[in-house]
Amino acid sequence: GQNIDQPTEMTATEGAIVQINCTYQTSGFNGLFWYQQHAGEAPTFLSYNVLDGLEEKGRFSSFLSRSKGYSYLLLKELQMKDSASYLCAGGSDSNYQLIWGAGTKLIIKP
Amino acid sequence: DSGVTQTPKHLITATGQRVTLRCSPRSGDLSVYWYQQSLDQGLQFLIQYYNGEERAKGNILERFSAQQFPDLHSELNLSSLELGDSALYFCASSAGLAGATSTDTQYFGPGTRLTVL
């Protein structure tokens with residue numbers, strides 16, 4: 001079957017670093033996406049990984065290991081505005097659906 | 001601003017009624033996706049269209065239907081509404097088919113908040 005798992009909720013402190021993990025099982029895997037979603041708003045695209053390794057974009061980085069079926073999103077220098085849900089989604093070339101995780105709610109404390 | 005537009009922003013209606021939600025994709029995007037998100041729940045994929053043709057179906061109820069028109073805008077029709085249909089409905093668009101490459105990055109519209117009383 002196809003499945004995406006990520007923790008339900010995480011808490012971190014302003015200014016710190018947090019790593020949000022995502023594991024996936026998808027047949028014909030071909031790419032993994034991270035989105036940010038503030039409460040009541042639309043998801044916004046953060047990153048896409050198709051090759052193993054780390055992709056850095058400012059304070060946010062995303063890592064992929066295809067052999068382990070594992071990805072993480074790393075957020076540095078946390079700000080209060082980073083309080084949001086982070087959605088992991090895996091692409092498959094065996095069908096035409098993006099498989100979505102349930103999202104990780106990140107709570108930032110002062 | 002993602003470039004995806006959705007109307008209306010808010011919709012309040014009664015049980016048993018029928019509503020139509022509208023979506024215009026980003027310029028050049030051929031795929032349109034519809035999602036439902038109930039309060040504090042994850043995104044539930046409903047249906048996808050690519051260049052006018054239905055491409056993939058998720059957990060879409062029989063009371064719901066959608067179509068994509070020649071100008072690529074899409075409409076989601078919800079009928080015989082129930083209280084449990086109250087949710088945020090998102091439309092997303094992408095250049096490609098879905099899921100496989102970076103061209104399939106989905107960009108979301110602001111959503112329509114449906115309240116069924």
Side-chain angles (χ1 to χ4, degrees), chain A residues 1-9 20 22 24-51 55 57 62 64 66 71 83-107, chain B residues 1-6 9-10 23 26 29-51 53-60 87-115:
Chain A
Q2 303 189 83
N3 197 44
I4 300 268
D5 288 313
Q6 50 182 134
T8 304
E9 188 174 294
I20 302 174
C22 168
Y24 64 87
Q25 301 93 37
T26 62
S27 57
F29 171 82
N30 197 356
L32 193 126
F33 297 84
W34 283 96
Y35 284 78
Q36 179 191 59
Q37 186 180 25
H38 286 100
E41 298 182 11
T44 56
F45 170 69
L46 289 178
S47 68
Y48 170 76
N49 294 70
V50 66
L51 299 176
E55 296 264 350
K57 276 188 184 180
S62 56
L64 178 67
R66 290 174 296 173
S71 173
S83 291
S85 286
Y86 291 86
L87 310 174
C88 170
S92 169
D93 61 9
S94 66
N95 61 27
Y96 295 107
Q97 283 190 43
L98 202 59
I99 309 301
W100 291 86
T104 298
K105 183 176 182 180
L106 178 63
I107 299 167
Chain B
D1 184 354
S2 68
V4 179
T5 60
Q6 287 187 251
K9 271 193 161 180
H10 301 275
C23 167
R26 293 188 321 155
D29 282 359
L30 297 178
S31 277
V32 168
Y33 312 78
W34 286 98
Y35 292 89
Q36 179 192 55
Q37 190 173 42
S38 302
L39 191 62
D40 292 332
Q41 299 295 309
L43 282 174
Q44 296 297 317
F45 168 70
L46 295 178
I47 197 164
Q48 181 212 353
Y49 282 84
Y50 177 79
N51 203 20
E53 299 288 327
E54 182 184 303
R55 197 68 192 176
K57 247 182 178 178
N59 298 321
I60 187 166
L88 264 171
Y89 290 84
F90 289 109
C91 167
S93 75
S94 71
L97 271 170
T101 71
S102 61
T103 59
D104 302 302
T105 300
Q106 294 182 30
Y107 295 92
F108 285 76
T112 293
R113 183 174 293 281
L114 174 66
T115 302

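Just the heavy atoms: all of them, side chains too, but no hydrogens, waters or symmetry mates, feed the values below.
Scanning all heavy atoms of the two residues, the minimum distance from B/T105 to A/Y35 falls at CG2-OH, 3.8 Å. Among all heavy-atom pairs drawn from B/F90 and A/A42, the shortest one is CE2-CA, 3.4 Å.
Of the two parts of A/L87, only the side chain, counted from C-beta on, holds a non-hydrogen atom closer than 4.5 Å to a non-hydrogen atom of chain B. Interface remark: B/Q44 contributes no atoms to any contact with chain A (heavy atom separation under 4.5 Å).
Around CD of A/E9, the count of heavy atoms belonging to other residues, nucleotides or ligands within 6.0 Å exceeds 12.
The CH2 atom of A/W100 lies 5.5 Å from the CG atom of B/L43; values are rounded to the nearest 0.5 Å.
Every residue two or more places apart in sequence or in another chain that forms a side chain to side chain contact (heavy atoms under 4.5 Å, CB included) with B/A92 is listed here: B/Y33, B/Y35, B/Q106, B/F108.
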